[in-house]
Amino acid sequence: MEENQLMESGVSQLNSNAFFIDPVRILNRSYTRFRVSPSTYYSRFFDSLNSAQSPKASEDFRKGKRKRKKKIQSLNEREQIADRRHQEVKPFLLKAHEALLEATDLLKVLRNLRNDGCAVGECKELSKETSELSFMELGGVWQAPLYEIVLNYQQDDKTLQNGGSPLAQSIEQRETPVFNNLVANEGSYDIEAELFNHKYIIPKRSCFYMSDMQQIDSLIPAGSDCGFNLIVIDPPWENGSARQKVRYPTLPSRYFLSLPVKQLCHTAGALVALWVTNREKLRDFVENDLFPKWGVTYAASFYWLKVKANGMLTGELDLFHHRPYECLLLGYCDGKDTHSGNLTRSNPIPDNRVFISVPGDYSRKPPIGELLSCNFFLIHMD
């Protein structure tokens, strides 16, 4: 049952409160001619040693990991609050992990995720480029507003024969500004794009807006009925790991106070999902400063539990500074239409939902936008 669910949707329900998700399958539902490569997405936690080991129960995971006990240090006030949060959610995480370990058929699929093909027909594989293009650096130069991206439309994206088969392929190219401009693919097929000799794929019916925070107001819709009913935000929070690994530039928390979340919402309101780290200082900032500034009312917390290819956690559950889970805070942003009945609140959100997956590249979050928008996580499935 769990295996069939995973194959069809990329999501498998483990119990009433926990789910396993395969980001690759979820992403590939958005592509037509192309597909995300599992071997590229799952670039970590698939070494042969870990795959050969047998999974153990969560509470036994830390045994044998450290031969020498570290000197126990007293926690300061913030750390004590963070530890209490952890102890409150720990039973939900353990129960979710145990449900995964009991799903033997699903564990077999899990071990083969990296080598698993996707039934997308004769599709090209989306592979990671040998040289990455840093958009942060690219957007920081004065020429940024002058840069253009080339969109390559195939004629069969638009024109079909009466029988439904595509006509002879020909390429139609369009050039459009890439910065401070909404680049959209409104069609039903993927399109290829080129920028500085790098190739990208824009999925069907998708768009992106590349800019800096000073220009974010350009995303505010002209009419509130054209706003967003789901907003997922993953800010580049300041944290020691990102700084040490120099993976991406970060910003102080106060910078995110200026995000116009209220103005981006649909007139009927919106569900706002915010990724946060496990730092108590940050949680305090979100609850007491950021959400009130955005006009967001806290509703629930979801947790992303990270596992390896054999089902074991990626780290010790009780390790204070490197816990194998991240938190997604959910809240409501009421719309301006007082007669709408606050449509976003029609289904109360259950608290402490847990979704499990094998992580992709560093700091890459699993794609949960569609799942949240269709209430996959928000209602019980029979």
Task: Closest non-hydrogen atom pair, N15 against A99 - done: ND2-CB, 3.6 Å
Task: Close side-chain approach of N76 to E79, heavy-atom, < 4.5 Å - done: yes
Open item on the list: Do I220 and F228 sit in one hydrophobic cluster, given that two such residues count as connected whenever their side-chain heavy atoms are within less than 4.5 Å of each other, even indirectly?
Closed with: yes
Task: Pair W304, S357: side-chain N/O donor-acceptor within cut-off below 3.5 Å - done: yes
- [ ] Please tell me if the side chains of I149 and M210 come closer than 4.5 Å, counting only heavy atoms from C-beta onward.
- [x] no
Open item on the list: Let me check something: do Y255 and L274 share a hydrophobic cluster, defined by ILVMFWY side-chain heavy atoms less than 4.5 Å apart, either directly or through other members?
Closed with: yes
Open item on the list: Counting neighbours of CD on Q143 that are heavy atoms of other residues, nucleotides or ligands and sit closer than 6.0 Å, is the number greater than 12?
Closed with: yes
Open item on the list: If we check side chain to side chain contact (heavy atoms under 4.5 Å, CB included) with Y325, which of these qualifies: T314, V89, L313, I356?
Closed with: V89
TODO: Could you tell me whether the side chains of N278 and H86 share a donor-acceptor contact shorter than 3.5 Å?
DONE: no
TODO: Decide yes or no for S9 and R25: does some side-chain heavy atom of the first lie under 4.5 Å from some side-chain heavy atom of the second?
DONE: no
- [ ] Report whether Y209 and L251 are members of the same hydrophobic cluster (ILVMFWY, side-chain heavy atoms less than 4.5 Å apart, transitive linking).
- [x] yes
Task: Shortest non-hydrogen contact from I21 toward P366 - done: CD1-CB, 3.7 Å
Open item on the list: Do W237 and S253 have side chains that approach each other closer than 4.5 Å (heavy atoms only, starting at C-beta)?
Closed with: yes
TODO: Work out which heavy atom in Q87 is nearest to a heavy atom in P91; give both atom names and the distance.
DONE: O-CD, 3.2 Å
Task: Y42/D22 under side chain to side chain donor-acceptor pair (under 3.5 Å): CA gap, chis, key distance, verdict - done: CA-CA 10 Å; Y42 294 117; D22 176 9; 2.5 Å; yes
- [ ] Start with the C-alpha gap between W275 and E326, add the side-chain angles, then the distance that decides, and say whether side-chain contact (heavy atoms from CB on, under 4.5 Å) holds.
- [x] CA-CA 8 Å; W275 286 101; E326 295 187 41; 4.2 Å; yes
- [ ] Would you check if the distance from the ring center of F355 to the ring center of Y303 is below 6.0 Å?
- [x] no
TODO: Could you verify whether a donor N or O on one side chain and an acceptor N or O on the other, from S206 and N185, lie under 3.5 Å apart?
DONE: no
Open item on the list: Would you say that V178 contacts L138 through its side chain, given a criterion of any heavy-atom pair below 4.5 Å between the two side chains?
Closed with: no
- [ ] Could I get the full list of side-chain hydrogen bond (donor to acceptor under 3.5 Å, both in side chains) partners for E88, not counting sequence neighbours?
- [x] none
- [ ] Measure the CG-OG distance between L106 and S12 for me, rounded to the nearest 0.5 Å.
- [x] 5.0 Å
- [ ] Work out which heavy atom in I349 is nearest to a heavy atom in A300; give both atom names and the distance.
- [x] CG2-CB, 3.7 Å
- [ ] Please determine if E186 and R205 form a salt bridge, counting it only when a charged side-chain N lies under 4.0 Å from a carboxylate O.
- [x] no
Task: Other residues, nucleotides, ligands: >12 heavy atoms within 6.0 Å of F208 CZ - done: yes
Open item on the list: Among L271, V286, V272, L290, which residue satisfies the side chain to side chain contact (heavy atoms under 4.5 Å, CB included) criterion with V296?
Closed with: V272
- [ ] Find out whether the Lys NZ or Arg CZ of R353 is both under 6.0 angstrom from the six-membered ring centre of F19 and within 45° of the ring's axis.
- [x] no
Task: Criterion side-chain contact (heavy atoms from CB on, under 4.5 Å) on F302 and L329, from CA distance to verdict - done: CA-CA 6 Å; F302 286 4; L329 300 181; over 6 Å; no
Open item on the list: Under the criterion side-chain contact (heavy atoms from CB on, under 4.5 Å), I'd like the reasoning laid out for Y41 against R364: C-alpha separation, chi angles, the key distance, then a yes or no.
Closed with: CA-CA 10 Å; Y41 185 95; R364 183 172 188 171; 3.3 Å; yes
Open item on the list: Contact between L257 and F285 at the side-chain level, heavy atoms closer than 4.5 Å - yes or no?
Closed with: yes
Open item on the list: Under 4.0 Å between a side-chain nitrogen and a carboxylate oxygen: does that hold for K262 and D334?
Closed with: no
Open item on the list: If I take atom CG from residue L372 and atom CD1 from residue I231, how far apart are they, to the nearest 0.5 angstrom?
Closed with: 12.5 Å
TODO: Check whether any side-chain heavy atom of L94 sits under 4.5 Å from a side-chain heavy atom of L317, and report yes or no.
DONE: yes
- [ ] Would you mind telling me which of R85, Q80, R78 makes a side-chain hydrogen bond (donor to acceptor under 3.5 Å, both in side chains) with E280?
- [x] R85
Open item on the list: What I want to find out is whether E77 reaches R84 closely enough, with some N-O distance under 4.0 Å, to be called a salt bridge.
Closed with: no
Open item on the list: Please enumerate all residues that pass side-chain hydrogen bond (donor to acceptor under 3.5 Å, both in side chains) together with D234, with sequence neighbours excluded.
Closed with: K365
Task: Residue pair N152 / E194, side-chain donor-acceptor N/O under 3.5 Å - done: yes
Task: Sub-6.0 Å ring centroid separation between W294 and F256 - done: no
Open item on the list: Within the structure provided, determine whether L330 and Y298 are in side-chain contact (heavy-atom separation under 4.5 Å).
Closed with: no
- [ ] Examine V276 and I81 and state if one hydrophobic cluster contains both, with Ile, Leu, Val, Met, Phe, Trp and Tyr joined whenever side-chain heavy atoms are less than 4.5 Å apart.
- [x] no
Task: Euclidean distance, Y31 OH relative to D190 CG, rounded to 0.5 Å - done: 7.0 Å
- [ ] State the CZ-CG distance between R323 and L319, to the nearest 0.5 angstrom.
- [x] 8.0 Å
Open item on the list: Within the supplied structure, the quantity of interest is the number of heavy atoms (other residues, nucleotides, ligands) at a distance under 6.0 Å from K306 NZ; does it exceed 12?
Closed with: yes
Open item on the list: Pairing donors with acceptors under 3.5 angstrom, does anything connect the side chains of N181 and T176?
Closed with: yes
Task: side-chain contact (heavy atoms from CB on, under 4.5 Å) between V24 and L113, worked out - done: CA-CA 9 Å; V24 171; L113 279 182; over 6 Å; no
Task: Worked check of ring-ring contact (aromatic ring centres under 6.0 Å, His included) between F196 and Y147 - done: CA-CA 9 Å; F196 288 94; Y147 295 148; 4.9 Å; yes
TODO: Any chance you could measure R29, atom CZ, to K204, atom NZ, to the nearest 0.5 Å?
DONE: 9.0 Å
TODO: Nearest 0.5 Å please: distance from the CG atom of L264 over to the CG atom of L259.
DONE: 8.0 Å
Task: Carboxylate-amine/guanidinium contact R283 D289, below 4.0 Å - done: no
